[in-house]
Amino acid sequence: MAAPLEPQEKLDQIVQVIANNMVAEVCSIYVARAGDILELFATIGLNPEAVHKTNLRVGEGLVGEIAARGAPLNLADAQSHPNFAYRPETGEEIYHSLLGVPVIRAGRVLGVLAVQNVTRRTYTEEEVEALHVVAMVLAELVGSGALIDPDEVHRGTFAQGHPPKIDGLALSDGIAIGRVVLHEPRLEVTHLIADDEDAELSRLEAALEDLRISLDRMFESADLSLDDEHFEVLETYRMFARDRGWVEKIAGSIRGGLTAEAAVQRVQVENKIRMERVNDPYLRERLSDLDDLANRLIRHLMGLDEDLEELLPGEMIVVARNLGPAELLDYHQADLRGLVLAEGSPNGHVAIIARAMGIPVIGQVEGIVGLVDPGDRIIVDSGTSQVFLLPTEDIVAFYEEAIVAQERRKRAYVKHRQLPSVTKDGVDISLRINAGLVADLPQLDETGADGIGLFRTEFQFMVGATFPRLSAQRDLYARVIDAAGDRPVIFRTLDIGSDKDVPFLDRPREDNPALGWRAIRMGLDRPALLRYQLRALLAAAEDKPLHIMFPMVTEAQEFVTARSILDRELKRHARMDRNPPSDLQVGAMMEVPALIWQLDRFLPLIDFMSIGSNDLMQYLFATDRGNTILAGRYDVLSPSALTVLKQIIQKADAAGVPLSLCGEAAGKPLEAMALVGLGLRTLSMPPAAVGPVKEMIRTVDTGKLQNYLESLIGGLDHSLRAKLTDFARDHGVDV
Ligand code: PEP
Ligand code: MG
């Protein structure tokens, strides 16, 4: 495979080598082509004239059957097989035995590799295995697009036994069923060289003007409840269309003799090469915005700016390699059900906008663009981070029910939002939401939550184009406090680092970033960062209650230092004749196990504490919270984890320090039930979880639950999940 040969020559050699090694009279390679056809691409033993002429339909003949089933055939007497198809042009009838394996890549059959012998022989397991290995290597060659047009690759049927679902990364929550709309079929620029430079320059000018007008129109009509942050994202994008550097480069290429569309494409290619080299996620996003704009400009130049909406089916799921935020807005929002991206990251602008629109998105779905055809039925499930291609009716029915149930529950929760969050035996449980953006604020009223238990301030830093100025920080905090009214808001200071990267902050490369320089550690080492944030918080909360919480505190001394920085800021605030907060509460997150053994000395120093179970479990079980291989291996509902939580709860209660839990566990009804059983009375969770958790609260009896948990917590179980589920069922608790 490594030999410096043309792809076809490689195939010719491969069949030769295999035939020699397996002492087979025939070795052939078929490649799947558009229209479910298998074309003979190389052979030893069959008539060489048949190469590139013999075509079998998938399902036709033995080779077709191998492709259709996606499974090997090992036959001593091939001709007696009912599916044997006689092809006179290949001279096939004199061979008796056949061994064929499918060439599979990413679940799709790309071709078939087969050997045949004159004698009736059964091929050994080793031979079957060897052929599989060669087929695997062949799959890479075909998949690379070296043999057939890349657009044709992967278009074959799915291999049986390979469930047509692909894993990705959930970038925006929800479930959707729809039909594939392949984003932006490739633009083919055929007219490259121009005679009249001036004419091309004026075409460019006119197309740019059209582009700007259409962008303006699009943003004005965007039916979004976008806050400033999101709007800024779109605004930046619109500014690119006016970027002189970009326009000048294109004009330069026109002066070099290219047509306007070829010039745009040339600059686009250059930009793409840069994109490949750039590691910085922020810059990559900007460069992909430019890529998006270039495509738009070419469409205008080619007169292709037809109304996308008219071309699209009712329930669409857009599939793309990547997408710009404006491109997403191009699709009629009422018809758009979901988005699947081969690339994409949680911080990407398209993900941020999709979340604001409430559209589920799965990103990092490798090879997705090549795996689907327009109009294919497809399911997006953020719960499992999976995309189902061509799902069976059973799967569709299952998901249809899930969607109906989800909608029904949503409606029911809206109705229940005014109901108190009280258990059957009369215990009040405070339910709060986790938030981070202005867009989350309406959720306070929509869910009926009684406060923001965790405001992740780093989100403002993650989505912004530049470091947020003091005034921008202050304005955001003031808006949050305003929106919350009488309800408390717990502002957590910057928790940057590990998986939460901020593009404009230079951080060292770390082998174990989750154990690295993050959160309060960074704040203490870069006190200006922390000081500015505290200053902004104090400015936003004059005469109002203010809760400040420090993340990832590992030892009491860190809190003492952070608190002293806050005290200095308070003094400065007073010196400037500003009013202090009406009530200042300073707390910490319990996320690092070491702090548990310092609680006796630590608790008297703080006004409140919140358990960050996401990180606490990660450190407790030595298990990266983002590692999918280990996801589900350890359980927060295990006796050990629950024992630790119980100890923390008891210590906090004894010290009279208000305690809450704001990790993901609080938002899952079963987990939340266990937490209430352990004695927690305040939970903070993603807004969508408030309804389901309140249902649970209103149907549980804490007394019975507590006794039951006590009896289990000392056991040897890997997890108490099953037992707690039984308890919920037996006692009518709605989890
Ligand atoms: C946690 O660790 O549980 C937590 C709430 O913080 P984050 O998820 O933001 O790290
Ligand atoms: Mg955390």
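Below, each value reflects all heavy atoms present in this structure, side chains not excepted, and no hydrogens, waters or symmetry copies. For ligands, and for the atoms within them, numbers begin at 1 and follow the listed sequence.
- Atom CG of Leu675 and atom CG of Leu642 lie 7.5 Å apart (nearest 0.5 Å).
- Within the listing of ligand 1, atoms 5 (C) sit less than 4.0 angstrom from a heavy atom of Leu454.
- The proximity of Arg492 to ligand 1, defined as any non-hydrogen pair under 4.0 Å, is limited to the side chain.
- Between Phe550 and Phe559, the ring planes are perpendicular. Angles over 60° get that label, and only those under 30° would be called parallel.
- Distances below 4.0 Å separate heavy atoms of Asp615 from the following atoms of ligand 1: 1 (C), 2 (O), 3 (O), 10 (O).
- Closest heavy-atom approach to atom 2 (O) of ligand 1 among the candidates Arg456, Glu591, Glu664: Glu591.
- Taking the ring axis of Tyr532 as reference, the NZ or CZ atom of Arg535 stays within 45° of it and closer than 6.0 Å to the ring centre.
- Near Gly612, meaning under 4.0 Å from one of its heavy atoms, ligand 1 places the atoms 1 (C), 2 (O), 3 (O).
- Atom 8 (O) of ligand 1 has as its closest protein heavy atom Arg625 NH2, 2.7 Å.
- To the nearest 0.5 angstrom, Ile548 atom CD1 is 14.0 Å from Arg492 atom CZ.
- Residue contact annotation: Asp495 places no N/O/S atom under 2.8 Å from the Mg ion (ligand 2).
- Ring-centre distance between Phe491 and His547: not below the 6.0 Å cut-off.
- Within the 4.0 Å heavy-atom criterion, the part of Asp495 lying near ligand 1 is the side chain and not the backbone.
- If you number the atoms of ligand 1 from 1 as listed, the ones under 4.0 Å from a heavy atom of Cys662 come out as 5 (C).
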